[in-house]
Each structure stands twice: as C-alpha cells, then as structure tokens.
Amino acid sequence: MQISAPLSAVLTQIGARFPELADDPLLAQNLFENVTSMVAEAHERYAEGADASVVSDRYLDPAHLATGALHAEHAQHPAGAMLAAEVLFDAYLPVFVDEVGAGTTHEVLRATRALHAAIWSRFPAGAIAYTEALRQRVTTAHMDSRTQIARDLHDRVAHGILAGLQRLDLVLLTDPPADARSEQLEAAGRLLRGALTDVQDLAVALHARVGEDLLDDAVRRHVADLFPGDDLLTVTTSGAPVPLPNWRAEEALTIVLEALTNRRKHAPGAPCTVVLTWADDHVVVVIADDGPGFDTSSTSDGRLGQHTMRERAAVIGAVLDVESAPGAGTTVRLTIPKGTM
C-alpha cells in the first residue's frame with residue numbers, strides 16, 4: 001500500500017520514539033495498518049461533514065478489540081499506544097488540515113475533530129481487550145498454582161505421611177527386635193519430618209511477600225526461611241537496586257521462589273546461585289544450578305512448573321527463559337521491566 005511522504009515520515013517518527021513497536025514485525029505491521037486506517041477514517045469523517053468527536057461508545061469494535069489483545073500478548077501497555085497516538089495527532093494534524101483543504105476556522109476545527117475521533121476510537125476497545133487478556137492470564141496463573149499445590153499435597157505430603165504411617169503400623173503389627181524397631185521408627189520419623197518440611201515450604205511460599213523490602217532483600221529473607229543452612233545456595237546483587245511496583249515485585253518473588261523450589265526437587269544438593277543484575281530500565285534475575293539438568297525438547301512445562309511461571313511473568317510484562325540439558329544443569333532467567341507499565 002502506497003502512503004504519502006508526510007505519513008511515512010510520521011510513521012518513522014513513531015518508530016524512533018517507540019522502538020518496541022517498530023522492531024517487532026507483527027507490531028510494526030499492526031501499527032502501519034492502524035495508522036493508515038485512522039487517516040482514512042479521518043478523511044471519511046471530514047468528507048461526511050461530521051462535527052462530533054465523541055466515539056467512546058464504539059468500544060466493542062472487533063478490529064479494535066483484536067488490536068488490544070495483540071498488544072497484551074506482546075506485553076504492550078495501552079499507555080504506550082496512547083503516547084504513539086499523541087505523536088501521530090501532533091505531527092499529522094497540520095498535514096491533514098492541508099490535505100482536506102480546510103481554510104476557515106470552522107473547517108480547521110472540523111478537521112481537528114475528525115482526526116481526533118479517528119485516532120481515539122481505537123483506544124476504548126484496545127484497553128478493554130488488554131485488561132481482559134491480563135485478567136485471563138492472572139486467572140490462569142492462579143488456577144495453575146492451585147493445581148500445583150494440590151499435586152504437591154497429594155504426591156509429596158500425603159505420600160510422605162502415608163509411608164511414615166505404614167512404617168509405624170509395621171512396627172506395631174510385627175513387634176520386631178529392638179534394632180529393627182529402632183530402624184523402622186527412625187525411617188518413619190524421617191518420612192514424617194520430610195512431609196512436615198513440605199507443608200512448611202508450601203505455607204512459606206503461599207505467604208511470600210516483598211512488602212516494603214527491595215526485591216533482593218525479599219529474596220534473601222525467603223531463601224533463609226525456605227532453605228535454612230543451605231550453604232550451596234547463594235544470592236548476590238549487581239548494580240543499584242530500586243523499588244519495583246509492588247504488584248510486579250510480588251509476582252517476581254513468586255517466580256524466583258518457584259524456581260528455587262524446583263531446584264530442591266530436581267537437583268537436591270547441587271550448588272545454586274541467584275544473581276540479580278540491575279540495569280537502567282530492567283532487572284535480570286538468574287537462577288542457575290549444577291544439577292542433572294533435563295532435555296527441554298522432550299520435557300513438558302508441567303514438570304518444572306514452567307507454565308505457571310511463564311503466565312506470571314507475562315502478567316508483569318517480564319520474560320522468562322529456561323535453559324537446560326542433561327548433565328549441564330539448569331538456568332532460569334527472568335527479565336523484569338522497572339517501570340509502572
């Protein structure tokens with residue numbers, strides 16, 4: 001599709017201002033289609049002689065809902081699109097007024113309203129779709145968390161308690177010699193203590209909070225609670241930590257603790273490091289262990305709880321990467337934006 005040189009210049013300006021839109025091919029194409037359709041609609045509105053610029057009642061337009069869902073999928077906050085729209089309106093209004101030949105004050109006002117209406121009509125639907133997509137992600141993450149807790153209670157806690165009780169029943173029913181009795185009781189004690197530890201871990205994880213702490217301090221505090229005396233687990237910080245928005249910090253902490261719990265399940269006794277690296281606009285948390293690793297091409301997300309972790313990361317606009325191979329350990333990398341969007 002051929003577009004005018006002024007409109008092409010505006011698109012270039014928007015791309016330079018918002019590289020996250022221009023660098024992603026899908027978002028760049030969506031931006032191009034939206035901008036050209038906005039301009040076309042503005043011309044139509046002006047040609048029809050429309051004076052009103054109130055368009056928020058068109059909030060269920062399917063095309064605009066699809067755009068909002070696309071932005072949510074790519075973690076693009078509606079505020080970013082709104083800022084891009086401001087650039088479009090500010091840069092293209094003089095061009096548009098010239099294109100429609102608006103000469104009188106009334107015609108300039110009508111042209112201004114036409115362009116404003118064409119641009120603004122996209123936002124109510126986009127914001128609604130974005131909010132709905134995030135709400136669905138939160139719901140999915142919470143349901144996955146409940147499923148995982150239920151699985152842990154059944155597979156780990158209940159199994160440990162049952163095995164311990166079976167050892168006790170064996171002692172009571174068979175009345176073995178003293179040495180065998182002592183061995184069986186010790187084994188039962190180990191199983192029951194393990195089940196108790198699993199319950200305590202679940203309780204700590206469910207009550208994990210960053211609160212007023214920095215993310216680094218919250219991670220250290222919960223590591224001390226969940227893994228007391230684990231000399232093979234270290235937490236270090238690089239750069240200058242700053243407070244994250246609370247809703248983002250809480251989800252990030254949950255993801256980090258889930259990764260560390262997975263390490264204890266699948267790589268017990270393996271050295272593990274947690275490194276938080278703070279940059280200007282983001283923080284990267286890397287959890288790396290020297291455990292047995294696994295084949296990422298044949299292992300489902302469910303084994304390491306990656307699905308829930310990815311959903312939580314998406315909710316806060318973060319990116320989760322998991323690297324592993326048999327015999328090569330596992331590295332979980334969480335990249336978290338610092339901003340409020």
Side-chain angles (χ1 to χ4, degrees), residues 143-209 219-235 253-274 287-309 322-332:
M143 291 302 295
D144 287 346
S145 293
R146 291 175 61 180
T147 300
Q148 185 170 338
I149 290 170
R151 185 182 300 118
D152 285 343
L153 287 172
H154 180 273
D155 295 348
R156 293 165 52 199
V157 178
H159 176 76
I161 293 175
L162 178 60
L165 291 175
Q166 287 174 339
R167 294 296 180 96
L168 293 176
D169 287 341
L170 184 63
V171 171
L172 293 174
L173 292 173
T174 61
D175 192 22
D179 289 346
R181 172 187 289 266
S182 176
E183 182 180 341
Q184 294 284 4
L185 290 176
E186 288 177 1
R190 285 195 300 271
L191 290 166
L192 293 174
R193 281 192 295 272
L196 176 61
T197 299
D198 288 337
V199 172
Q200 291 172 329
D201 288 351
L202 286 171
V204 171
L206 288 172
H207 289 87
R209 294 289 184 274
V219 169
R220 289 187 177 90
R221 172 162 48 85
H222 285 87
V223 162
D225 289 339
L226 281 168
F227 314 102
D230 190 342
D231 296 332
L232 298 177
L233 174 57
T234 61
V235 181
L253 175 63
T254 300
I255 295 168
V256 172
L257 295 182
E258 175 65 21
L260 290 173
T261 300
N262 288 336
R263 169 253 182 180
R264 181 162 64 185
K265 291 179 187 176
H266 303 289
C272 179
T273 59
V274 181
I287 305 102
D289 68 60
D290 294 335
F294 63 97
D295 184 354
T296 57
S297 65
S298 62
T299 302
S300 67
D301 279 353
R303 177 189 168 191
L304 292 181
Q306 290 180 46
H307 181 70
T308 301
M309 294 163 68
V322 179
E323 300 172 3
S324 188
T330 300
T331 299
V332 177

Residues forming a side chain to side chain contact (heavy atoms under 4.5 Å, CB included) with Glu186, sequence neighbours excluded: Ser182, Arg190

Minimum heavy-atom distance Thr330-Ser324, with the two atoms named: OG1-OG, 2.9 Å

Partners passing side chain to side chain donor-acceptor pair (under 3.5 Å) against Glu183 (at least two apart in sequence or in another chain): none

Point-to-point distance, once rounded to the nearest 0.5 Å, from CD1 of Ile287 to OG1 of Thr331: 9.5 Å

Arg221 CZ to Leu226 CG distance, which is reported to the nearest 0.5 Å: 11.0 Å

By salt bridge (charged side-chain N to carboxylate O under 4.0 Å, His left out) - contacts of Asp231 (at least two apart): none

Note, Leu191 side chain near Ile161 side chain (heavy atom, < 4.5 Å): no

With sequence neighbours excluded, residues passing salt bridge (charged side-chain N to carboxylate O under 4.0 Å, His left out) with Arg167: none

With sequence neighbours excluded, residues passing side chain to side chain contact (heavy atoms under 4.5 Å, CB included) with Ala224: none

Working for side chain to side chain contact (heavy atoms under 4.5 Å, CB included), residues Phe227 and Leu232: CA-CA 10 Å; Phe227 314 102; Leu232 298 177; over 6 Å; no

Under the salt bridge (charged side-chain N to carboxylate O under 4.0 Å, His left out) test, residues paired with Asp169 that sit two or more places apart: none

Among Val223, Asp289, Leu260, side-chain contact (heavy atoms from CB on, under 4.5 Å) partner for Val274: Leu260

Contact check, side chains of Asn262 and Met309, non-hydrogen atoms, under 4.5 Å: yes

Gap between atom CZ of Arg263 and atom OG1 of Thr273 - 0.5 Å precision: 10.0 Å

